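In this text, all values refer to a predicted model and were calculated from it rather than measured experimentally. What's counted below: heavy atoms across the whole structure, side chains too, no hydrogens, waters or symmetry copies.
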Amino acid sequence: MHSSSINTILFLLSFFFFLSFNGPTMADPQDTFQLPSPLPQWPPGGGFANGTIDLGGLQVKQVTTLTKIWATNGGGPDNLGASFYDPDAIPQGFSSLGSYAQQNNIPLFGHVLVAKDISNNHSYPTLISPIDYTLVWSSESLDIQKDGEGYVWLPVAPDGYTAVGYIITGSSAKPGLDKVGCVRADFTDTPNTTNTTVGLGNKNVVDINGLNVYGSVGGFRVQNGSVGNLKGNLLNSMPNLKQIEALIQTYSPVIYFHPDEHFLPSSVDWFFQNGALLYHKGNESKPNLVERNGSNLPQGGSNDDTYWLDLPLDGSTKDRVKQGDLQDACAYFHVKPVSGGLFTDIAIWVFYPFNGGARAKVEFINLSLGKLGEHVGDWEHVTLRINNFNGELHSVFFCQHGWGQWVSASGLEYHTGNKPVVYASLHGHASYPKSGCVLLGSGGVDIGIRDDTDKSDKMMDTGVNAVVVAMEYLETAVVEPPWLNYERKWGPKIDYDVEKEINKMKKVMIGKLKKAFKRFVESIPSEMLGEDGPTGPKVKVSWSGDECV
């Protein structure tokens with residue numbers, strides 16, 4: 001369901017998820033996570049998965065053997081705290097770029113980045129020691145169970161250089177100047193916690209008595225901190241087309257649909273070939289059949305409400321197309337660099353011809369909201385984040401009504417091998433890492449819109465019929481289909497008789513339930529009281545940026 005739909009709007013009313021499914025299994029932070037199956041031998045070519053990345057005079061690699069420096073057993077996700085680590089052994093000639101932090105409710109799954117100057121530029125090297133440290137936080141006043149005291153330090157970089165990580169110590173004494181390296185400024189960009197946070201649980205942040213710790217690429221950062229991000233060299237780190245095909249077959253998720261789901265995905269071509277219509281404002285009485293691959297769709301431009309797609313006019317055909325065709329369904333892959341090319345994001349888009357009506361829970365009553373929440377043309381996605389040092393799956397983003405959540409590879413459920421499981425919610429098709437029910441809305445834990453997920457024999461391996469539709473960094477390697485550049489709506493806008501729909505629901509309400517339902521209805525803004533088609537993948541903010549969390 002797209003961002004203007006009923007579930008999205010109701011989510012805005014409370015800003016909270018009320019989760020009834022189980023989260024990741026609690027684990028001793030000393031446990032180390034490994035993917036269920038060994039990594040394959042990746043196809044050769046370029047610098048992908050070679051263990052090191054050359055940023056153009058600065059060689060970077062990761063150290064995964066870590067030593068715990070300090071930990072707290074409170075705060076953060078599940079109030080289990082976080083642990084802070086340094087690399088156990090740094091390869092000769094390399095310098096650490098910072099310490100690593102991770103929440104304690106999942107197994108240890110991370111690394112520290114280390115770097116080496118290979119520029120031979122003695123007057124302006126790519127890596128240099130800091131000139132001092134600034135203490136930005138200490139645990140001395142922290143009234144919580146902890147392993148001694150912890151101190152967080154910001155390296156003070158010389159002019160023309162940038163610190164890209166913080167240092168944790170178990171002593172109030174400043175670290176040695178050889179503890180960490182600072183990177184030449186032209187190898188870094190402006191810090192941004194939105195596009196660097198990866199895999200630290202609920203909103204990727206551990207809040208420990210005012211210390212907001214964010215995961216970053218091979219280290220950690222603090223909120224409003226002043227460390228930079230490394231910029232990679234795409235030609236030296238990103239996968240080629242053969243390697244992408246291997247990544248898709250290794251990690252492509254398996255989507256489970258709810259046993260009661262009637263509105264399943266299809267391929268875009270199946271939707272077009274089964275009578276999808278293109279409407280043009282001012283000429284609504286003469287819609288055009290959409291040609292194969294969308295070759296007659298208007299290209300580019302913007303969503304100006306002058307064009308939209310709709311279902312076939314014939315009633316029986318319309319009902320059949322609404323149900324999709326799971327056997328024909330395709331997953332559409334968009335591959336892009338993140339963190340300057342140190343990671344690869346593979347966004348996996350799935351198309352549903354129709355999004356079903358929403359369902360609500362009002363205390364002990366579950367009810368259908370009729371047509372509210374319905375719309376034609378539903379685009380949903382999940383995103384795989386791949387470590388470019390070794391090709392390992394790092395985390396998965398689950399899109400949920402315009403928001404979503406990153407889940408570390410250690411917190412995922414797996415189908416076979418290293419293929420994660422995704423649960424699509426009933427009718428709305430939001431993606432979740434676990435089965436169960438999520439309530440979206442206001443009025444307390446017993447009132448809200450239901451997102452139900454469960455396993456069934458209706459399932460889709462996104463690696464079967466996989467289609468790579470965009471890979472901008474390789475330019476000519478992939479030809480984008482015409483439908484991808486159709487930036488108008490994939491469904492019509494329809495206004496309902498809202499009063500009629502609501503009166504249907506009131507009939508089942510009695511006593512306190514009627515009052516609770518009244519509050520629930522009054523809190524629904526007018527934007528969701530109708531049907532509006534979504535735009536396609538390329539119009540989404542995440543297409544050219546990072547996922548929204």
I'd like to know whether the aromatic ring centres of [X] and [Y] sit less than 6.0 Å apart in this structure.
{"X": "Y124", "Y": "Y161", "value": "yes"}
{"X": "W379", "Y": "W483", "value": "yes"}
{"X": "W543", "Y": "H334", "value": "yes"}
{"X": "W137", "Y": "Y166", "value": "no"}

Shortest non-hydrogen contact from [X] to [Y]?
{"X": "N240", "Y": "P44", "result": "ND2-O, 3.4 Å"}
{"X": "P91", "Y": "V114", "result": "CD-CG2, 4.2 Å"}
{"X": "W349", "Y": "A347", "result": "NE1-CB, 3.7 Å"}
{"X": "P155", "Y": "G165", "result": "CD-O, 3.3 Å"}
{"X": "C330", "Y": "S267", "result": "SG-CB, 3.7 Å"}
{"X": "G110", "Y": "L66", "result": "O-CD1, 4.2 Å"}

Under 3.5 Å side-chain donor-acceptor pair for [X] and [Y]:
{"X": "T344", "Y": "N388", "answer": "yes"}
{"X": "S171", "Y": "T169", "answer": "no"}
{"X": "Q62", "Y": "N387", "answer": "yes"}
{"X": "N104", "Y": "S83", "answer": "yes"}
{"X": "H429", "Y": "D378", "answer": "yes"}

Could you list the residues that satisfy salt bridge (Lys or Arg N to Asp or Glu O under 4.0 Å) with [X], not counting sequence neighbours?
{"X": "D88", "answer": "none"}
{"X": "D461", "answer": "K419"}
{"X": "K179", "answer": "D86"}

Got a second to check how far [X]'s [atom1] is from [Y]'s [atom2], nearest 0.5 Å?
{"X": "I348", "Y": "F397", "atom1": "CD1", "atom2": "CZ", "value": "13.0 Å"}
{"X": "T462", "Y": "F333", "atom1": "OG1", "atom2": "CZ", "value": "4.5 Å"}
{"X": "E487", "Y": "N485", "atom1": "CD", "atom2": "CG", "value": "6.5 Å"}
{"X": "I386", "Y": "L342", "atom1": "CD1", "atom2": "CG", "value": "14.0 Å"}
{"X": "W42", "Y": "N50", "atom1": "CH2", "atom2": "CG", "value": "13.0 Å"}
{"X": "H258", "Y": "D452", "atom1": "NE2", "atom2": "CG", "value": "5.0 Å"}

Which pairs pass salt bridge (charged side-chain N to carboxylate O under 4.0 Å, His left out) with one or both residues in [range], sequence neighbours excluded?
{"range": "residues 334-349", "answer": "D345-R385"}
{"range": "residues 149-166", "answer": "K146-E149"}
{"range": "residues 112-122", "answer": "none"}

Tell me if a side-chain donor or acceptor on [X] pairs with a main-chain N or O of [Y] at a distance below 3.5 Å.
{"X": "W70", "Y": "Y151", "result": "no"}
{"X": "Y251", "Y": "I346", "result": "no"}
{"X": "K455", "Y": "Y423", "result": "no"}
{"X": "Q249", "Y": "G463", "result": "yes"}
{"X": "E380", "Y": "A430", "result": "no"}
{"X": "Q102", "Y": "P107", "result": "yes"}
{"X": "S96", "Y": "G98", "result": "yes"}
{"X": "S99", "Y": "I168", "result": "yes"}

Taking the side chain as everything from C-beta on, heavy atoms only, tell me whether [X] gets closer than 4.5 Å to [Y].
{"X": "D147", "Y": "N73", "value": "yes"}
{"X": "L412", "Y": "V421", "value": "no"}
{"X": "Y414", "Y": "L35", "value": "yes"}
{"X": "V422", "Y": "V254", "value": "no"}
{"X": "L108", "Y": "Y85", "value": "yes"}
{"X": "Y133", "Y": "L177", "value": "yes"}
{"X": "Q103", "Y": "L80", "value": "no"}
{"X": "N121", "Y": "T126", "value": "no"}

Q.
If you apply the rule side-chain contact (heavy atoms from CB on, under 4.5 Å), what do you find for F389 with T64, and how did you get there?
A. CA-CA 12 Å; F389 287 97; T64 56; over 6 Å; no
Q) Is atom CD of Q327 surrounded by more than 12 heavy atoms (other residues, nucleotides or ligands) closer than 6.0 Å? A) no
Q.
Is it the case that over 12 heavy atoms from other parts of the model lie below 6.0 angstrom from the CD atom of Q34?
A. no
Q: Look at the aromatic rings of F343 and H111 and report parallel, tilted or perpendicular, splitting at 30° and 60°.
A: parallel
Q) Between D132 and T134, is a side-chain contact (heavy atoms from CB on, under 4.5 Å) present by the stated rule, with each step listed? A) CA-CA 7 Å; D132 200 1; T134 300; over 6 Å; no
Q. V468 and I248: side-chain contact (heavy atoms from CB on, under 4.5 Å), yes or no, with the steps?
A. CA-CA 10 Å; V468 179; I248 289 172; 3.7 Å; yes
(Q) Would F109 and E392 count as a side-chain contact (heavy atoms from CB on, under 4.5 Å) here? Give the steps. (A) CA-CA 11 Å; F109 182 63; E392 189 173 54; 3.9 Å; yes
Q. Of the options H381, E547, Q405, which is the one that meets C399 in a side-chain contact (heavy atoms from CB on, under 4.5 Å)?
A. H381
